[in-house]
Amino acid sequence: AVPTLVAASAWLSLSAVSALLWPGSGDRIFGAGVLFVALWLIRDDVGRRLIRSEGLRRYNAAALLLGNFWLAVAGLTWVIVGRPEATGTYDVVVHGTFLGFAMSMIMAHAPIIFPTVLSRPLPYRPAMWVPLAVLHLGMVVRVLGALTGTFLYQIGGAMTVVSILLFAATAIHSAVDDPGILKKIGAQEFHREVDRGAVDAASQPDLALSAGADEGGQDIGAAEATGFSGAGRTGGGHAGSTRVGASRLRGQTYSVVTRV
């Protein structure tokens with residue numbers, strides 16, 4: 001995969017320059033590169049394998065495949081028309097890339113990437129399918145309207161805007177409606193204060209243990225916490241500060257108290 005990625009990146013970079021120097025033929029070369037990347041992702045990315053699964057994986061796979069489809073449509077349009085100067089083909093290229101592809105990628109990865117970037121949980125909800133479906137249905141209507149020059153263009157454009165607003169509302173509701181959100185946020189703040197040295201966990205053992213609650217909101221006691229391999233108390237006879245760490249094991253977060 002790495003050699004293919006490097007070759008595709010070089011192809012797109014050089015062809016983008018050629019499109020500036022030789023409009024028309026350079027645009028077709030660039031479009032062929034975009035089309036190649038889209039087909040490569042459809043064939044080798046996880047979407048085709050996970051589409052038969054359930055829950056978040058199926059949602060993620062569907063968003064990936066639909067996004068790659070619109071990238072392929074944009075690339076094919078470049079190959080056929082060269083530089084898209086007509087309103088219809090220009091709209092297909094621009095919105096197929098930045099709405100159909102890019103926005104679909106954002107929706108696909110939001111439950112996975114946003115919690116890491118924002119340090120806030122964003123659990124998957126079945127309602128996330130609604131903005132995804134509205135986005136791609138709106139793209140179909142918009143493209144048909146752009147190519148035929150009819151009022152469908154405005155309807156499709158409105159649908160894509162609504163899909164983005166729906167996605168934002170769904171994401172916010174998904175995060176806020178999480179029953180354990182306050183406990184999780186409190187645990188994250190506690191760990192940051194301990195790491196910064198502003199809080200001594202040894203003086204607040206109950207708070208330290210409760211801050212290490214698992215993702216379901218269930219606390220575990222010190223005896224259970226030290227029962228995991230490598231998570232026991234070390235140097236118990238020595239004085240020192242107590243640090244609370246979090247280790248992820250098979251999708252669950254456990255509290256580990258270690259004396260150093």
Side-chain angles (χ1 to χ4, degrees), residues 37-38 41-42 45-74 91 94-143 154-193 211-218 246 248-253:
V37 170
L41 290 174
I42 292 174
D45 205 4
V46 296
R48 204 160 53 90
R49 295 188 290 274
L50 295 180
I51 194 63
R52 295 181 180 86
S53 56
E54 298 178 353
L56 173 59
R57 291 185 176 184
R58 188 170 194 172
Y59 166 80
N60 178 264
L64 290 175
L65 292 174
L66 289 169
N68 292 329
F69 166 77
W70 286 112
L71 186 65
V73 170
D91 192 80
V94 172
H95 293 99
T97 303
F98 294 104
L99 268 180
F101 173 71
M103 195 62 210
S104 189
M105 293 299 113
I106 293 174
M107 291 183 178
H109 295 95
I112 303 169
I113 301 299
F114 281 16
T116 302
V117 175
L118 303 177
S119 297
R120 294 291 184 269
L122 180 60
Y124 161 78
R125 306 289 188 198
M128 290 181 177
W129 282 95
V130 176
L132 181 66
V134 174
L135 171 68
H136 292 286
L137 181 59
M139 280 298 303
V140 172
V141 175
R142 180 170 190 150
V143 167
Q154 286 82 3
I155 295 178
M159 291 177 67
T160 56
V161 172
V162 169
S163 71
I164 296 174
L165 296 176
L166 281 175
F167 173 70
T170 304
I172 294 172
H173 179 268
S174 180
V176 174
D177 195 47
D178 183 5
I181 181 67
L182 296 179
K183 183 176 290 185
K184 293 174 185 177
I185 294 175
Q188 292 167 355
E189 296 295 336
F190 177 80
H191 288 311
R192 276 195 287 268
E193 292 300 310
D214 65 5
E215 290 184 84
Q218 300 295 323
R248 188 169 297 279
L249 178 62
R250 294 181 181 176
Q252 298 295 323
T253 303

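- In this structure, the side chains of Pro121 and Pro115 stay at 4.5 Å or more apart for every pair of heavy atoms.
- For the atom pair CG of Leu165 and OG1 of Thr160, the computed distance is 10.0 Å after rounding to the nearest 0.5 Å.
- A search for side-chain contact (heavy atoms from CB on, under 4.5 Å) contacts involving Arg57 returns Leu50, Ser53, not counting sequence neighbours.
- Not counting sequence neighbours, the partners of Ala171 by the side-chain contact (heavy atoms from CB on, under 4.5 Å) test are Leu122.
- Under the side-chain contact (heavy atoms from CB on, under 4.5 Å) test applied with Phe69, the options Val73, Leu71, Leu65 reduce to a single match, Val73.
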Given Thr170 and His173, is the side chain to side chain contact (heavy atoms under 4.5 Å, CB included) satisfied, shown in steps?
CA-CA 5 Å; Thr170 304; His173 179 268; 5.8 Å; no
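- The ring pair (Phe, Tyr, Trp, His ring centres under 6.0 Å) contacts involving residues 113-132 comprise Tyr59-Tyr124, Tyr59-Trp129, where partners must be two or more places apart or lie in separate chains.
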Run the side chain to side chain contact (heavy atoms under 4.5 Å, CB included) test on His95 and Arg142 for me, step by step, so that the C-alpha distance in whole Å, both residues' side-chain angles and the decisive distance to 0.1 Å come before the verdict.
CA-CA 9 Å; His95 293 99; Arg142 180 170 190 150; 2.9 Å; yes
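- Partners of Val143 by side-chain contact (heavy atoms from CB on, under 4.5 Å), not counting sequence neighbours, listed by chain and number: Trp70, Val92, Met139, Leu147.
- Residues satisfying the side-chain contact (heavy atoms from CB on, under 4.5 Å) criterion with Val130, sequence neighbours excluded, are Val134, Leu166.
- One finds the CG atom of Leu41 at 4.5 Å from the CG atom of Asn68 (value rounded to the nearest 0.5 Å).
- Here the shortest heavy-atom pairing between Ala63 and Met105 reads O-CE, 3.8 Å.
- Counting only residues at least two apart or on different chains, the side-chain hydrogen bond (donor to acceptor under 3.5 Å, both in side chains) pairs with a member in residues 99-115 are Ser104-His136.
- Residue Leu64 holds its CG atom at 13.0 Å from CE of Met107, rounded to the nearest 0.5 Å.
- Summarising the geometry, atom CG belonging to Leu135 is positioned 8.5 Å from atom CG belonging to Leu66; distances are rounded to the nearest 0.5 Å.
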So Ile106 and Phe167, side chain to side chain contact (heavy atoms under 4.5 Å, CB included) or not? Walk me through it.
CA-CA 10 Å; Ile106 293 174; Phe167 173 70; 4.3 Å; yes
